[in-house]
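Read the numbers this way: they start at 1 and go in the same order the structure lists the ligands and their atoms. We use all heavy atoms of the structure for the numbers below, so side chains are in, but hydrogens, waters and symmetry mates are not.
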Amino acid sequence: MQKIAMKTPLVEMDGDEMTRVLWKWIKEMLLEPYIDLKTEYYDLGLPHRDETNDQVTLDAAAATEKYGVAVKCATITPNQQRVEEYHLKQMWKSPNATIRAILDGTVFRAPILVKGVSPTVRTWQAPITIARHAYGDVYKNAEMKIPGAGKVELVYTAEDGSETRALVHEFRGPGIVQGQHNLDGSIASFARACFAYALDTHQDLWFSTKDTISKVYDHNFKDIFAEIYEAEYREAFEKAGIEYFYTLIDDAVARVIRSKGGFIWACKNYDGDVMSDMIATAFGSLSMMTSVLVSPKGYYEYEAAHGTVTRHYYRYLKGEETGTNPVATIYAWTGALRKRGQLDEIPELCAFADKLEKAVIDTIESGVMTGDLAAMYEGEAKSVPSRAFLQAIAGRL
Ligand code: NAP
Ligand code: MG
């Protein structure tokens, strides 16, 4: 059999622990036998990040800007315990945060549906994709404890020295205060990423904030989305037969629960953080969730939504077989290969991605799966270790 040839390399970012093990197996068992895999490899495993003083993460992000499509394995975000475990020179930043800051992207997360694992919400028939704004608000705040009576104000000092003030509160006793910000440029990038992704995936786009209460801050998000939609996207949306609509977050929550699914829900940073966990859990689990970072310039980085599955890795190191679910990582590869196929006009590569995803779904629906899914499966499930599951998928492929 002739292997599928590629034109442009994928940016491949390897990672850590159990997902690094799965990464290798997926390539060996499901990809390399069929594709003449062309990748530019960056080892984002923690030891190599430490060796290169995290330069490898910056290089991988730069390569994504050069080639346009990346696939990333889960990586450790070091904390104090990891600094000791890996004898790190310093507590390196989260690679995801570093890459996101460089690509200025929005993260889209969607569940992978299989028959036999029903969403908790009965009406949901199609995936709901969460688009989370990944900059600012409470994640870049300034906060303070107020020890006792006194006045708190917001002060903006313009470059010419002039001041604008807003009273936050006249404290009579102790309390707390918090300042948040966002940037018109970042909100505009977020809006464009959402509109472009809706067109790309042919789905309606919902956007919600709390603009009735936050009449300046949240209202600014609403206005920027509306302006960009009217000026740049309305025509394309109408032509594609898809819809953009804005609604208050309370209303959005109620509508989402009553919906059939099959749309993109754009959320501010905090809303997206919380709602993506709710959506993932209600659809099944994080190990059945795809995740893609889309930059406003049209770069794509595909990954799994879960972490490096540390607990399983320690068992693996002791020689035990683990039932770590590889589905989200396989979908990171299929997402990246399909996008590469579309950009380079290689229909066989797109078709391969479709077939691999179908082999994954068919394997699970035939009753063969890893333990996390078997625990939720409504039919008769055979719970198998990761390698046996990958072999079953390869068999169907
Ligand atoms: P995690 O790796 O997602 O795992 C948490 C637990 O969820 C696991 O112990 C396992 O439960 C279950 N789980 C997650 N993915 C699974 C899969 N594919 N198959 C089966 N079970 C799965 O989260 P964590 O333990 O909080 O974080 C571990 C490391 O990952 C941390 O160092 C963190 O920094 C990193 N992390 C990276 C990313 C990323 O790169 N995108 C995201 C999140 C976390 P059981 O043990 O009960 O089976
Ligand atoms: Mg969260």
A.B. asks: Tell me which protein heavy atom sits closest to atom 48 (O) of ligand 1, plus the residue, atom name and distance to 0.1 Å.
C.D. replies: His312 NE2, 2.8 Å
A.B. asks: Answer yes if a protein heavy atom lies under 4.0 Å from atom 5 (C) of ligand 1, otherwise answer no.
C.D. replies: no
A.B. asks: Which of the atoms in ligand 1, numbered in the order shown and given with their element, are less than 4.0 Å from a heavy-atom of Glu303?
C.D. replies: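 The list of qualifying atoms is 41 (N).
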A.B. asks: Once the angle between the rings of Phe108 and Tyr197 is folded into 0 to 90°, is it parallel (under 30°), tilted (30 to 60°) or perpendicular (over 60°)?
C.D. replies: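 Rings of Phe108 and Tyr197: parallel, as their planes differ by under 30°.
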A.B. asks: Mind checking whether Tyr135 and His133 have parallel, tilted or perpendicular rings, split at 30° and 60°?
C.D. replies: tilted
A.B. asks: Just to be sure I read this right, does ligand 1 sit under 4.0 Å from the backbone of Val327, its side chain, both, or neither, counting only heavy atoms?
C.D. replies: neither
A.B. asks: Nearest 0.5 Å please: distance from the CD1 atom of Ile35 over to the CD atom of Glu348.
C.D. replies: 10.5 Å
A.B. asks: Measure across Ala280 and Leu286 and return the closest heavy-atom pair with its distance rounded to 0.1 Å.
C.D. replies: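 In this case the closest contact between Ala280 and Leu286 is CB-CD2, 3.9 Å.
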A.B. asks: Which residue and non-hydrogen atom of the protein lie closest to atom 35 (C) of ligand 1, and at what distance in Å?
C.D. replies: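 Answer for atom 35 (C) of ligand 1: Thr75 O, 3.4 Å.
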A.B. asks: Note the single closest protein heavy atom to atom 34 (O) of ligand 1, along with its residue, its atom name and the distance in Å.
C.D. replies: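 Looking only at protein heavy atoms, the one closest to atom 34 (O) of ligand 1 is Thr77 N, 2.9 Å.
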A.B. asks: Any heavy-atom pair between the side chains of Ile364 and Phe389 that's under 4.5 Å?
C.D. replies: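 Phe389 reaches Ile364 side chain to side chain.
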A.B. asks: Do any non-hydrogen protein atoms sit less than 4.0 Å from atom 12 (C) of ligand 1?
C.D. replies: no
A.B. asks: Does an N or O from Asn325, backbone or side chain, lie closer than 3.5 Å to an N or O of ligand 1?
C.D. replies: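 In this structure, Asn325 places an N or O atom under 3.5 Å from an N or O of ligand 1.
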A.B. asks: Which residue holds the protein heavy atom closest to atom 41 (N) of ligand 1, what is that atom called, and what is the gap in Å?
C.D. replies: Asn96 ND2, 3.0 Å
A.B. asks: Counting heavy atoms only, name the option from Glu17, Arg311, His306 that's nearest to atom 46 (O) of ligand 1.
C.D. replies: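 The residue whose heavy atom sits nearest atom 46 (O) of ligand 1 is Arg311.
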A.B. asks: So if I count the atoms of ligand 1 from 1 in the order they appear, which ones are less than 4.0 Å from some heavy atom of Lys72?
C.D. replies: 40 (O)
A.B. asks: Counting heavy atoms not belonging to Tyr217, are there more than 12 under 6.0 Å from its OH?
C.D. replies: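 Correct, the count exceeds 12.
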A.B. asks: Under a 3.5 Å distance rule, please check whether His312 uses its side chain to pair with a backbone N or O of Met18 as donor and acceptor.
C.D. replies: no
A.B. asks: Under 3.5 Å, N or O to N or O, is Ser287 touching ligand 1 that way?
C.D. replies: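 It does not: no N or O of Ser287 is found under 3.5 Å from an N or O of ligand 1.
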A.B. asks: Given 3.5 Å as the limit, does a donor-acceptor pair link the side chain of Ser214 with the main chain of Lys210, or not?
C.D. replies: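 Such a contact is absent between Ser214 side chain and Lys210 backbone.
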A.B. asks: Going by the angle between their ring planes, with limits at 30° and 60°, are Tyr34 and Phe352 parallel, tilted or perpendicular?
C.D. replies: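 Ring orientation, 0 to 90° scale: tilted.
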A.B. asks: Checking a contact table here: which protein heavy atom is nearest atom 32 (O) of ligand 1, and how many Å away?
C.D. replies: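 Protein heavy atom with the smallest distance to atom 32 (O) of ligand 1: Arg82 NH2, 3.0 Å.
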A.B. asks: Inspect the surroundings of CE in Met144 and state if more than 12 heavy atoms from other residues, nucleotides or ligands are less than 6.0 Å away.
C.D. replies: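 Atom CE in Met144 is not crowded, with 12 or fewer foreign heavy atoms closer than 6.0 Å.
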A.B. asks: Is the distance between the ring centroids of Phe225 and Phe190 under 6.0 Å?
C.D. replies: yes
A.B. asks: Identify, by atom number and element, the atoms of ligand 1 in contact range of Thr310, meaning under 4.0 Å from any of its heavy atoms.
C.D. replies: 28 (C), 29 (C)
A.B. asks: Are Phe237 and Tyr244 an aromatic pair by the rule of ring centers under 6.0 Å?
C.D. replies: no
A.B. asks: Which protein non-hydrogen atom lies closest to atom 30 (O) of ligand 1, naming both residue and atom, and how far is it?
C.D. replies: Thr308 N, 3.0 Å
A.B. asks: Looking only at distances, please establish whether an N/O atom of ligand 1 is found under 3.5 Å from an N/O atom of Gly307.
C.D. replies: yes
A.B. asks: Give a yes/no verdict on whether any heavy atom in Met18 is under 4.0 Å from an atom of ligand 1.
C.D. replies: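 Contact check Met18 vs ligand 1: negative.
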A.B. asks: Quick check: does Val309 get an N/O under 3.5 Å from an N/O on ligand 1?
C.D. replies: yes
A.B. asks: Take atom 24 (P) of ligand 1 and look for protein heavy atoms under 4.0 Å from it; say yes if you find one, no if not.
C.D. replies: no
A.B. asks: Distance under 4.0 Å to a non-hydrogen atom of Ala74: what atoms of ligand 1 satisfy this?
C.D. replies: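 Heavy-atom distances to Ala74 below 4.0 Å select 40 (O).
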A.B. asks: Hey, does Thr324 come in under 3.5 Å of ligand 1, counting only N/O atoms on both sides?
C.D. replies: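 In this structure, Thr324 places no N or O atom under 3.5 Å from an N or O of ligand 1.
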A.B. asks: I'd like to know whether CD of Glu163 has more than 12 heavy-atom contacts from other residues, nucleotides or ligands below 6.0 angstrom.
C.D. replies: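 Yes, because the 6.0 Å sphere around CD of Glu163 holds more than 12 heavy atoms from other groups.
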